[in-house]
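Take a look at the structure set out below.
First the proteins, then the strands, lettered A, B, ... as listed; each starts at 1.
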Amino acid sequence: MSKIKIVDIFNRKYPTGSQVTVHGWIRTRRDSKAGISFLTIYDGSCFSPIQAVVPNTLENYVSDVQNLTAGCSVKVVGQLVESQGKGQEFEIQVTNIVVYGFVEDPDTYPISAKRHSIEYLREHAHLRPRTNIIGAVTRVRNCLSHAIHNFFYDNGYNWISTPIITGSNCEGAGDMFRVSTLDMENLPRTAQGGVDYKQDFFAKETFLTVSGQLNAETYACSLSNVYTFGPTFRAENSHTSRHLAEFWMVEPEIAFADLEDAAQLAENLLKYVCKAVLKERADDMAFFTQRIDKNSIKRLETIINSVFVHMDYTDAIEILKNCKKKFEYPVQWGIDLHSEHERYLAEEHIGAPIILKNYPKDIKAFYMKLNEDGKTVAAMDVLAPGIGEIIGGSQREENLEALDKRLKEMGLDQSDYTWYRDLRKYGTVPHAGFGLGFERLVSYVTGVQNIRDVIAFPRAPGSADF
RNA sequence: UCCUCUUUAGCUCAGUUGGCAGAGCGACGGACUGUUAAUCCGUAUGUCGCUGGUUCAAGUCCAGCAAGAGGAGCCA
């Protein structure tokens with residue numbers, strides 16, 4: 001008698017006739033007057049639940065089995081057999097059942113067997129992993145996460161755990177959360193009346209990171225190929241279906257590489273992880289396709305089988321100018337593209353992910369490599385239909401003189417970037433990288449439209465429950 | 001931060017011209033059944049988001065507030 005995972009039953013790890021023990025939770029109970037009850041039990045190991053057939057001859061049939069409702073936790077022991085009924089391959093003929101926990105007041109149990117709105121589930125974030133949809137999202141997310149690590153490991157990348165707490169407030173990617181142990185009710189003051197951060201824990205102002213890129217660059221400039229994969233924090237008041245205050249980001253950084261290398265890496269990575277999901281989570285993807293978004297599987301196949309379209313910003317502007325579509329924001333060279341423009345390019349003009357490259361320098365960050373035209377930088381965005389920017393990256397400016405010029409142009413202080421500038425002083429190399437929003441990837445892959453439903457406990461402005 | 005929409009039973013939602021608070025599902029009780037989101041019969045369930053106003057009368061009209069959702073901006 002072995003304690004097993006339900007997934008291994010469907011993987012035929014145990015021959016029919018085996019004695020098995022399954023631990024899990026009740027999805028539904030159906031009683032038959034033939035003297036048996038049918039339980040569907042899930043343990044999270046795969047999408048499908050297992051059916052357990054419980055005879056009324058068990059001594060706790062009336063006291064326990066007859067009182068089982070959705071959400072009760074049980075152990076069932078019995079023989080694995082081919083199902084006598086239609087609808088499932090296998091079932092367990094139960095000889096012993098133990099109830100660990102009943103559901104107190106089933107009438108008010110928030111997760112009934114019926115369908116709930118995704119917003120309702122979000123308000124019960126501690127119970128929603130019990131649902132089909134969040135269970136499936138969780139397994140796909142896990143699969144994507146492992147696929148990312150596998151991809152980089154197989155290609156010789158080192159995973160760098162860059163710091164969560166940063167003393168640099170010049171990472172340049174948005175508003176930051178302050179990290180402090182100072183007593184907010186009684187702040188220490190300098191002689192000038194400002195807050196005296198010398199008395200704070202790190203003896204300076206500190207924040208939560210908005211990007212691991214600058215730190216990752218230091219390791220790329222010695223280990224050649226590295227990546228970070230960790231939490232990222234942005235204190236922006238964004239109230240949309242694709243922003244979180246706390247999210248996970250994948251940031252590869254490659255040395256002796258240019259923008260084209262980074263673009264190729266992005267394409268290879270996306271194709272690799274999509275293949276992994278199709279192969280390893282076919283059950284969950286079938287569910288998403290059936291119930292959430294009928295294009296879920298097709299979308300992955302499109303990514304895998306297509307060559308990503310590359311397009312220069314300058315050409316994109318021409319396409320937008322010459323297309324018949326009316327935009328709210330007028331198009332001209334030099335503007336930052338708006339959602340409506342990116343959507344048109346990815347969804348209508350191409351209909352697949354598109355890599356936009358070489359943006360005007362004035363709308364991009366200081367560290368991006370200035371192109372020979374002197375007007376554009378070697379930046380790229382990967383735009384996915386339906387979700388927008390899923391990857392943003394660039395070749396980095398490796399020339400110290402050019403970097404300093406850009407810092408000055410943008411009103412930034414050289415002295416804040418001492419260690420970053422050192423990389424250009426001592427054996428500088430051309431290098432490039434990008435950031436992939438992990439939750440945006442999970443959202444895109446599953447078809448679950450709100451990013452708050454693809455992370456366990458979403459943090460957003462005005463919302464940090466659980 | 002701006003614009004739009006939503007808020008009625010445990011859940012999903014109807015509620016007409018201002019006139020007795022409704023349905024489906026779930027829960028509970030029963031019937032039936034190797035069942036499949038079972039089916040059939042029955043029962044109970046309400047601060048109509050909150051506060052104020054108009055009216056003989058407000059779920060419905062008006063004002064304010066709150067929460068949620070979608071879009072914009074910012075970005076991943």
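Taking only side-chain nitrogens and oxygens, Arg30(A) comes nearer than 4.0 Å to OP1 or OP2 of rA38(B). Listed pair Ser32(A) / rG34(B) meets the phosphate criterion, a side-chain N or O lying under 4.0 Å from OP1 or OP2. Between Ser83(A) and rG34(B) there is no side-chain N or O to OP1 or OP2 distance below 4.0 Å.
rA38(B) and rA76(B) are spaced 46 Å apart, taking the C1' atom of each and rounding to whole Å. With C1' as the reference atom, rA9(B) and rC65(B) are 25 Å apart, rounded to whole Å. Separating the C1' atom of rG19(B) from that of rG15(B) is a span of 14 Å, rounded to the nearest Å. Here the separation of rU51(B) from rA58(B), taken at their P atoms, is 15 Å to the nearest Å. Annotation: rG73(B) and rU16(B) have their P atoms spaced 37 Å apart (nearest Å). rU60(B) and rU54(B) have their P atoms separated by 15 Å, given to the nearest Å. Distance check on atom P: rC75(B) versus rA67(B) gives 27 Å, rounded to whole Å.
Under the rule for a ring pair (Phe, Tyr, Trp, His ring centres under 6.0 Å), His239(A) has no partner lying at least two apart in sequence or in another chain. Under the side chain to side chain donor-acceptor pair (under 3.5 Å) criterion, Thr240(A) pairs with His243(A), not counting sequence neighbours. Listed by chain and number, the residues in a side-chain contact (heavy atoms from CB on, under 4.5 Å) with Arg291(A) are Arg115(A), Phe287(A) (sequence neighbours excluded). Residues that satisfy the ring pair (Phe, Tyr, Trp, His ring centres under 6.0 Å) test with Tyr109(A), not counting sequence neighbours, are absent from this structure. Scanning for ring pair (Phe, Tyr, Trp, His ring centres under 6.0 Å) contacts around Tyr272(A) gives Phe151(A), with sequence neighbours left out.
Across all strands shown, Leu244(A) has heavy atoms under 4.0 Å from base atoms, whether or not it also approaches the sugar-phosphate. Gln51(A) comes within 4.0 angstrom of a base, heavy atoms only. Glu119(A) comes within 4.0 angstrom of sugar-phosphate atoms only, judged by non-hydrogen atoms across all strands, and of no base. Backbone-only contact: Arg122(A) has heavy atoms under 4.0 Å from sugar-phosphate atoms and none from a base. Using a 4.0 Å heavy-atom criterion, one finds that Glu91(A) contacts the bases of the nucleic acid, with or without backbone contacts as well. As judged by a 4.0 angstrom heavy-atom cut-off over every strand, Arg452(A) is placed among residues touching the sugar-phosphate backbone only. Within the 4.0 angstrom heavy-atom criterion, base atoms lie near Thr240(A). Looking at heavy-atom distances under 4.0 Å, Gln449(A) makes no contact with the nucleic acid at all.
If you check rU36(B), rA76(B), rC28(B) against the side chain of Thr69(A), the one that comes closest is rC28(B). Here the nucleotide nearest the side chain of Asn450(A), chosen from rU33(B), rG70(B), rG34(B), is rG70(B). Of the candidates rC28(B), rA76(B), rA31(B), rA76(B) carries the atom nearest the Glu389(A) side chain, counting heavy atoms from C-beta on.
Counting only N and O atoms by type, the side chains of Asp43(A) and Ser45(A) include a donor and acceptor under 3.5 Å apart. The closest side-chain donor-acceptor pair between Glu260(A) and Gln264(A), if any, does not fall under 3.5 angstrom.
Once the 5.5 Å centre distance and the 30° plane angle are applied, the aromatic ring of Phe247(A) is found stacked with the base of rA76(B).
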Practice item. Classify every nucleotide of nucleotides 2-15 of chain B by which part a protein heavy atom approaches to under 4.0 Å, writing B for the base, S for the sugar-phosphate alone and - for neither, in 5'-to-3' order. Key: --------SSS---
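When the shell of 6.0 Å around CD of Gln449(A) is examined, it contains 12 or fewer heavy atoms from other residues, nucleotides or ligands.
Within residues 327-347 of chain A, the residues approaching RNA chain B are Tyr329(A), Asp336(A), His338(A), Ser339(A), Arg343(A), by heavy-atom distance under 4.0 Å.
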Kindly list each side-chain donor-acceptor pair under 3.5 angstrom involving residues 380-395 of chain A, sequence neighbours excluded, with atom names and distances?
{"from": "Asp381(A)", "atom 1": "OD2", "to": "Tyr359(A)", "atom 2": "OH", "distance (Å)": "3.3"}
{"from": "Ser394(A)", "atom 1": "OG", "to": "Arg396(A)", "atom 2": "NH1", "distance (Å)": "2.7"}
{"from": "Gln395(A)", "atom 1": "OE1", "to": "Leu259(A)", "atom 2": "N", "distance (Å)": "3.2"}

Which donor-acceptor pairs under 3.5 Å do the side chains of residues 458-466 of chain A make with protein atoms, sequence neighbours left out?
{"from": "Arg459(A)", "atom 1": "NH1", "to": "Asp465(A)", "atom 2": "O", "distance (Å)": "2.8"}
{"from": "Arg459(A)", "atom 1": "NH2", "to": "Phe466(A)", "atom 2": "O", "distance (Å)": "2.9"}

